[in-house]
Amino acid sequence: MIQIFTDREKLKIEEAKGYPLDVPNNSYVYINGDIYNIIKFNRLAIGDSIVQDGSEKLLLKDLSHRLKINLDNNRVPVLAYGANASNIQLKSKYKNFKNVVIPVVQSKLIDFDVVYTPYICYDGSIPATIQYSPKTECNVYVTYLTEEQLKHMHKTECIGEDYNYVKLFNIQMVLDVQVLEKEIYSYNSLHGCFHTGENHIALKCIKAINRKFLSMSEEELLLMVKNKLGISKTLDEFILDNINNPTLRNKTSERLAEMSREFQYNDWVVLDGDT
């Protein structure tokens, strides 16, 4: 029997397949639901970054003043390798906040890759984490968050349940082809890194040089998981069942835990979620 989905169910299914959502292919500033391209980023003085507003180029502090927003220059750089780099996700997470300004800076992370983590999220997707991968260079982003924004991001990342808030040391990260960073804050999955038994699985949508891992789209991975678990339902039914049934979703995640490998990098530390 063919299952008929409502328009809302279809949207949920497509959003799960579409993880990590659409991410602009450039550095930008998210401001109250709108995005402005970053022409030149100044990580030491955020307000002195140059942004594009239509045909006009101006300082971020001047744009903020025009929009009647008080710009907080005190920011924490946090790695964004999945949906957190998407303006769609930021809009969802900060929908109840006023005057939200978040620079999202395109970066290149060296000796790591962005891989899937073995559990099913509430939205039916299998989310991402990072894994050590010597000589690989992957495209990521850095979000510059205020203290208030960071605390809220901790809540949305389920610190201590699904992710740890960590600091990585002695890394190589090039920000917007300008600055080499040696330390960065990040969220690392407590579920580890998805492993087929032969290889990790990187996100196909994340561009990388010298990639060593197998890569798949979200839809390809969900289909593989469904088949590995011996589930005869269609992929869409499998996704929707896990969205609608938390108990089933937890059981599915427990089965996926057998396909996990630990984070292999050595120079990092777990931070308090209040940090």
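Just so it is clear, the structure is predicted and the values come from calculations on it, not from any experiment. These numbers come from the heavy atoms of this one structure, side chains and all, not from hydrogens, waters or symmetry mates.
Enclosure of atom CD in E148 is not indicated, since only 12 or fewer non-hydrogen atoms of other residues, nucleotides or ligands lie within 6.0 angstrom. Counting non-hydrogen atoms of other residues, nucleotides and ligands closer than 6.0 Å to NZ of K233 gives a total of 12 or fewer.
A donor atom on one side chain and an acceptor atom on the other are not found under 3.5 Å apart for N73 and K61. The closest side-chain donor-acceptor pair between T146 and D72, if any, does not fall under 3.5 angstrom. There is no side-chain donor-acceptor pair under 3.5 Å between T234 and D236.
With N164 contributing its side chain and V166 its backbone, the two residues share no donor-acceptor pair below 3.5 Å. At least one donor-acceptor pair closer than 3.5 Å links the side chain of S86 to the backbone N or O of I88. Under the 3.5 Å distance criterion, the side-chain polar atoms of Y116 are matched with a main-chain donor or acceptor of M216.
Put simply, CZ on F112 and OG on S133 are 9.5 Å apart, with the number rounded to the nearest 0.5 Å. Note that OH of Y119 is 9.0 Å distant from OH of Y122, once rounded to the nearest 0.5 Å.
A salt bridge is absent between E237 and K226: the closest approach of a Lys/Arg side-chain nitrogen to an acidic carboxylate oxygen does not fall below 4.0 angstrom. Salt bridge R66/E56: present, at least one basic N to carboxylate O contact under 4.0 Å.
Side-chain contact between K91 and N87: absent, with no pair of heavy atoms (C-beta onward) separated by less than 4.5 Å.
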